[in-house]
Asker: 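I'd like to ask some things about the structure below.
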Amino acid sequence: MKLNLDIPAFLQQHWQQQPCVIRQAIPEFEDPIEPDELAGLALEESVSSRIVIRDGERWFSESGGREDYNDLGGQDWQLLVQAVNHHHGPAQSLCEQFRFLPDWRFDDLMVSFAVPGGGVGPHIDNYDVFILQGQGERRWQVGQQGSHRPRPNCPGMALVEDFEPIIDVVMQPGDLLYIPPGFPHCGQTLTPSLSYSLGYRAPSQQELLGALADHLLDSDQGKRRFTSSSESAQPGVLSLTHQKGMMTLLQSLFDDPAQWQDTLGRLLSQNRFELDPWPPSPALTQTEIAEALGQDAALYRLAGLKVLQLEGAPATDLYLDGERYSLPEPLADTATLLANRLTLEASEWRPLFQLAPDTLLEWLNLGYWQLDH
Ligand code: SIN
Ligand code: CO
């Protein structure tokens with residue numbers, strides 16, 4: 001099952017710009033998960049899920065899954081489960097086909113099962129999303145960006161009024177729909193369906209400023225105050241020059257990349273949904289790692305874990321799930337492999353064991369990587 005997409009053309013013409021449908025993006029697509037497995041996952045406490053029920057032109061959401069779906073009947077509902085890739089190997093493998101986009105952007109793989117008439121209603125996301133159709137058929141409509149009136153009488157759903165579609169398609173297994181942020185869309189299920197939404201997010205000004213402010217407070221920096229050499233003649237007026245001067249003071253904080261790199265690394269290596277590590281029990285020892293190395297074990301990264309390296313910062317600084325780890329200087333190439341590859345062969349991770357054994361041990365015992373043959 002391979003993604004059949006002209007990536008350079010897609011990035012140039014559509015990504016972050018225009019929605020599109022790619023027919024048979026994964027030819028002969030086979031669902032990586034069954035509806036029953038999805039329903040089971042939805043019942044786990046660490047998994048975020050919801051059921052959306054449609055009543056004519058209104059939609060209602062309940063959080064969590066259900067033990068029994070019989071009450072809901074065979075029509076007009078949909079089960080949505082977030083971050084399935086964190087918990088399900090084959091679902092994670094599907095996401096890996098989309099690593100032509102950087103990991104920091106990727107949010108999660110949401111899988112939904114819907115019966116005829118089911119859908120979440122017309123809405124707008126702040127995120128880029130790829131929707132891949134699995135078994136069954138769904139009709140998707142996408143409207144133009146712009147202002148769309150909120151839909152009344154659907155509490156907590158953030159739906160919009162009906163829109164004029166610019167895309168109106170029936171998706172078959174293996175078809176892919178891409179929707180950039182801000183385009184209203186609505187899926188309507190025709191036959192029992194599984195669909196896979198790969199969501200991507202980018203930080204907002206609020207998130208960035210919040211994270212940067214937290215960093216300044218934590219590190220007791222950013223205490224320089226505004227100064228001026230001239231004052232407004234009117235006592236009740238804050239001059240435009242002074243307003244701009246204050247904003248310049250703020251901007252000057254970020255002249256030095258070191259001021260923001262650490263914040264960005266921490267912020268963007270975090271997951272919005274819980275990871276599902278399986279720390280070894282009992283904890284691994286250095287002797288066991290040496291044995292695994294002797295047996296040529298490969299090092300496998302935990303599904304969903306983001307390992308970020310920042311261009312312009314020391315290559316040996318890696319950010320994992322909101323934390324910074326600084327490896328010794330000679331491990332620059334190993335750090336690059338750890339950031340970019342999901343699996344490292346024994347010969348590739350050997351230098352890590354030789355030069356930073358404690359960090360490797362910590363990572364393995366956190367369940368961030370696993371050793372396997
Ligand atoms: C769905 O699968 O119906 C929801 C996906 C989305 O609209 O982003
Ligand atoms: Co959506």
Side-chain angles (χ1 to χ4, degrees), residues 14 16 18-22 25 29 31-33 35 38-39 41-42 48-54 58-63 65 72 75-85 91 94-95 98 105-145 148 150-151 154 156-163 165-202 272-273:
H14 295 285
Q16 298 248 287
Q18 273 299 321
C20 63
V21 179
I22 301 131
F29 181 76
D31 288 285
I33 189 164
L38 190 68
L41 262 183
S48 166
S49 64
R50 68 199 153 109
I51 295 171
V52 176
I53 299 162
R54 183 171 77 105
R58 298 173 70 194
W59 286 262
F60 304 90
S61 176
E62 60 179 49
S63 66
L72 291 174
Q75 280 201 317
D76 296 342
W77 60 268
Q78 176 169 2
L79 166 70
L80 302 98
V81 186
Q82 299 289 159
V84 172
N85 57 309
L94 179 62
C95 300
F98 289 79
R105 281 189 173 273
F106 183 55
D107 208 12
D108 74 320
L109 172 73
M110 182 190 78
V111 183
S112 64
F113 173 74
V115 294
V120 302
H123 65 282
I124 298 179
D125 295 316
N126 296 323
Y127 301 59
D128 297 85
V129 64
F130 289 103
I131 299 171
L132 178 66
Q133 181 62 41
Q135 68 183 49
E137 283 183 340
R138 294 182 88 195
R139 176 181 178 189
W140 280 96
Q141 292 176 308
V142 183
Q144 193 53 268
Q145 235 173 351
H148 291 270
R151 196 177 195 101
C154 300
M157 294 289 292
L159 298 183
V160 295
E161 291 279 26
D162 289 345
F163 51 82
I166 54 171
I167 288 178
D168 189 346
V169 284
V170 173
M171 302 243 297
Q172 312 276 350
D175 289 347
L176 185 68
L177 171 64
Y178 164 68
I179 310 170
F183 288 75
H185 53 281
C186 184
Q188 193 196 343
T189 311
L190 305 178
T191 61
S193 152
L194 277 171
S195 53
Y196 303 83
S197 300
L198 292 106
Y200 292 79
R201 74 196 236 110
R272 207 157 64 87
F273 296 97

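Counting convention: from 1, in listed order, for ligands and their atoms alike. Being a predicted model, the structure only gives us computed values, none of them experimental.
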Asker: Verify whether the ring centers belonging to Y127 and Y200 lie closer than 6.0 Å.
Answerer: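 No, the ring centres sit 6.0 Å or more apart.
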Asker: Working note: W77 + F60, criterion side chain to side chain contact (heavy atoms under 4.5 Å, CB included); need CA distance, chi angles, decisive distance, verdict.
Answerer: CA-CA 9 Å; W77 60 268; F60 304 90; over 6 Å; no
Asker: Quick check for you: to the nearest 0.5 Å, what is the distance between R139 atom CZ and L190 atom CG?
Answerer: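 One gets 8.0 Å once the value is rounded to the nearest 0.5 Å.
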Asker: Establish, yes or no, whether a centroid distance under 6.0 Å links the rings of F29 and Y196.
Answerer: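 Yes, the ring of F29 comes within the 6.0 Å limit of the ring of Y196, centre to centre.
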Asker: Test: salt bridge (Lys or Arg N to Asp or Glu O under 4.0 Å). Region: residues 113-138. Which pairs qualify, not counting sequence neighbours?
Answerer: none
Asker: Could you walk me through whether D175 and W140 satisfy the side chain to side chain contact (heavy atoms under 4.5 Å, CB included) test, starting with their C-alpha distance in whole Å, then the side-chain angles of each, then the deciding distance to 0.1 Å, before giving a yes or no?
Answerer: CA-CA 11 Å; D175 289 347; W140 280 96; over 6 Å; no
Asker: Taking side-chain contact (heavy atoms from CB on, under 4.5 Å) as the test, write out the residues that go with C186, two or more places apart.
Answerer: P122, F163
Asker: Show the short N or O contacts, below 3.5 Å, that ligand 1 makes with protein N or O atoms; if there are none, say 'none'.
Answerer:
from     : atom 1 : to   : atom 2 : distance (Å)
ligand 1 : 2 (O)  : Q78  : NE2    : 3.3
ligand 1 : 2 (O)  : S112 : OG     : 3.2
ligand 1 : 2 (O)  : R138 : NH1    : 3.2
ligand 1 : 3 (O)  : Q78  : NE2    : 3.1
ligand 1 : 3 (O)  : R138 : NH1    : 3.3
ligand 1 : 3 (O)  : R138 : NH2    : 3.2
ligand 1 : 7 (O)  : H123 : NE2    : 3.0
ligand 1 : 7 (O)  : H185 : NE2    : 3.1
ligand 1 : 8 (O)  : D125 : OD2    : 3.3

Asker: Sorted by chain and residue number, which protein N/O/S atoms are under 2.8 Å from the Co ion (ligand 2)?
Answerer: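 Those protein N, O or S atoms (cut-off: under 2.8 Å from the Co ion (ligand 2)) are H123 NE2, D125 OD2, H185 NE2.
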Asker: Counting only N and O atoms by type, is there a donor-acceptor contact under 3.5 Å from the side chain of D108 to the main-chain atoms of Q82?
Answerer: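 Checking the backbone N and O of Q82 against the side chain of D108, no donor-acceptor pair under 3.5 Å is found.
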Asker: Check for me whether the distance between the ring centres of F130 and F98 falls short of 6.0 Å.
Answerer: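 Yes, they do, as the ring centres are separated by less than 6.0 Å.
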